[in-house]
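Inspection log for the structure reproduced underneath, given as structure tokens.
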Amino acid sequence: MIDLELLRKEPDRVQENLGRRRRMEYLDLFRSAREKDGEWRALLGEADGLRRRRNLLSQEIAKLRGSGTPSAELEAEARTLPDRLKGLEERESAVQAERDTLLRRIPNLLDDSVPFGKDDSENVVVATWGTPTNAPEGLGPHGETLERLGMAEFDRAHRVSGAGFYYLKGGIVLLDLALQRMALDLLVERGFLPVEPPLFLRRGPYEDVTDLGDFEQVMYRIDQEDLYLIATSEHPLAALYRGEILDEDSLPIRLAGISPCFRKEIGGHGVDQKGIFRVHQFQKVEQFVFCRPEDSPRIHEELRANAEEIFRRLKVPYRVVNVCTGDLGTVAAKKYDIEAWFPRQRAYREVVSCSNCTDYQARRLRIRMGKAGRPGKMVPHTLNSTAVATSRALVVLVEQYQRPDGSIEVPEVLRPYLGGRTTLTAEARP
RNA sequence: GCUGAGGUAGCCUAGCCCGGCAAGGCGCCAGCCUUGAAAGCUGGUGGCGGUCUCGCCACGGGAGUUCAAAUCUCCCCCUCAGCGCCA
């Protein structure tokens, strides 16, 4: 949620920034929210006046009664107040609710360095690493490769759970765990605290960490329960300190979430439908940080560097894009995507999303920072970034590390996690 | 799932029976004192609004009774404990 103070005090700045998203809808929201706010303040003043009168009268009555003096006249006036107040209070809270609903739909302010553009085709490449290579002759889709190696069951998974689900078996499972552990170890080395979060959140907290559209588009809900399966550990990590005041001396707080992620993602599918590139469930190690406002740009670069380091250690070529205005969601002020090179697809595809949400997410969660007892609480900034999502990363590895004989080489950096194994060969057992 | 207890400021507690301006402690911040620190003393320490030495709101949430509700009545939510079940 955007800062209401800012809306009041620097409307021109807010309007200019929202304008960069080139969507009239946002400017309309901005204008309506300002209007409603003015209306609300007028109503509040009026209601406060009546409440003040009520308090005065009731004190006076108490005093008179205490001294045995009749107070019928005052009581008569006091009796007229509740009726007058009722209508006013109803309007006041209704207008406030309308204002807040509008406010919640206004996106975060964009960082100055976000490039202008209409969609993902206009994201700006800011870095590349490694040299893209093409897939060896005859390399099939990764799903078929995994099936051939006896490391995945897609048809059976689809029968029991539906499209978008999978069984992984054998070496690829060990590779999956190795990836997660390697990423986690790197983050722990760099000061992150590993966290296994709840995999379900209640609706209330969930509404504070993401935008409403996600509830229809991506989240799974538990039938008959007020519980939603998390779409990423970012969400429970962000909600961890909901409603609390963080001691500013404890910042920055660096968390490394590890969890499965569940997503409906109703929408189009790309190439390689059979497989694990786009699925309803995957494992992810996530970076999440609470920090002082002035530190967030620096930490945003830090998170990006951590994610890049993981792909460098895997020797996977990639590029980093600065996501443009038209492709940026409502919560982030700035976002980098890391796109790994997929040899068979001969394309860079998103494997990491690294966002600075500034104070937008923390304000919705009512998280503040400061010293308990000292006035002048501030809203901390939050940032999140994939470290590694193993579904996507495994696809890259299967494509890039496949040998002519069909086996898969274990990237050097992962071998210690596989007891020194250098190669994954076809599983002999069913 | 059953039974019981509970939800008051960053934390801990009193007030609830019997309605009348939310009390105290801890922590934290500032000042005084001190060579420095601790201790001690003084003040501050929820949210909103405004014509800023003012007002309103706030005791889990909502509704009701009343001139007046933390307090009385009703509904709901959440947490904890014990029991049951359980990797």
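By convention in this document, chain letters (A, B, ...) are assigned in the order of the sequence lines, proteins followed by strands, and residues within each chain are numbered from 1.
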Exercise. When all nucleic acid strands are considered with a 4.0 Å heavy-atom cut-off, which category describes A:I61: base, sugar-phosphate, or nothing?
Worked result: base
Problem set entry | Whole-Å P distance, B:rA22 and B:rA9 | 15 Å
Seminar exercise, completed: With both pairing distances under 3.5 angstrom for Watson-Crick or G-U wobble, and | for a partner in another strand, the correct string for RNA chain B is ((((((((.[[[..)....(...]]]((((((.......))))))((((....))))..[[[[[..)....]]]]])))))))....
For this session: Look at the side-chain N and O atoms of A:R52 and state whether any lies under 4.0 Å from the OP1 or OP2 oxygen of B:rC57.
Result: no
Problem set entry | A:R41 side-chain N/O to B:rG50 phosphate OP1/OP2 under 4.0 Å | yes
Problem set entry | Nearest-Å distance once atom P is located in both B:rG15 and B:rG60 | 15 Å
For this session: Would you indicate, yes or no, if B:rC56 has its OP1 or OP2 atom less than 4.0 angstrom from a side-chain nitrogen or oxygen of A:N55?
Result: yes
Exercise. Is A:R22 close enough and on-axis enough to A:F116, meaning under 6.0 Å and within 45°, for cation-pi?
Worked result: yes
Exercise. So does A:R8 get a side-chain nitrogen or oxygen closer than 4.0 Å to the phosphate oxygens (OP1/OP2) of B:rG49?
Worked result: yes
Exercise. So what does A:R202 touch, heavy atoms closer than 4.0 Å: a base, only the sugar-phosphate, or nothing?
Worked result: sugar-phosphate
For this session: Please identify each residue that fulfils ring pair (Phe, Tyr, Trp, His ring centres under 6.0 Å) with A:F342, with sequence neighbours left out.
Result: A:F277
Exercise. Just how far, in rounded Å, is P of B:rG20 from CD of A:E60?
Worked result: 18 Å
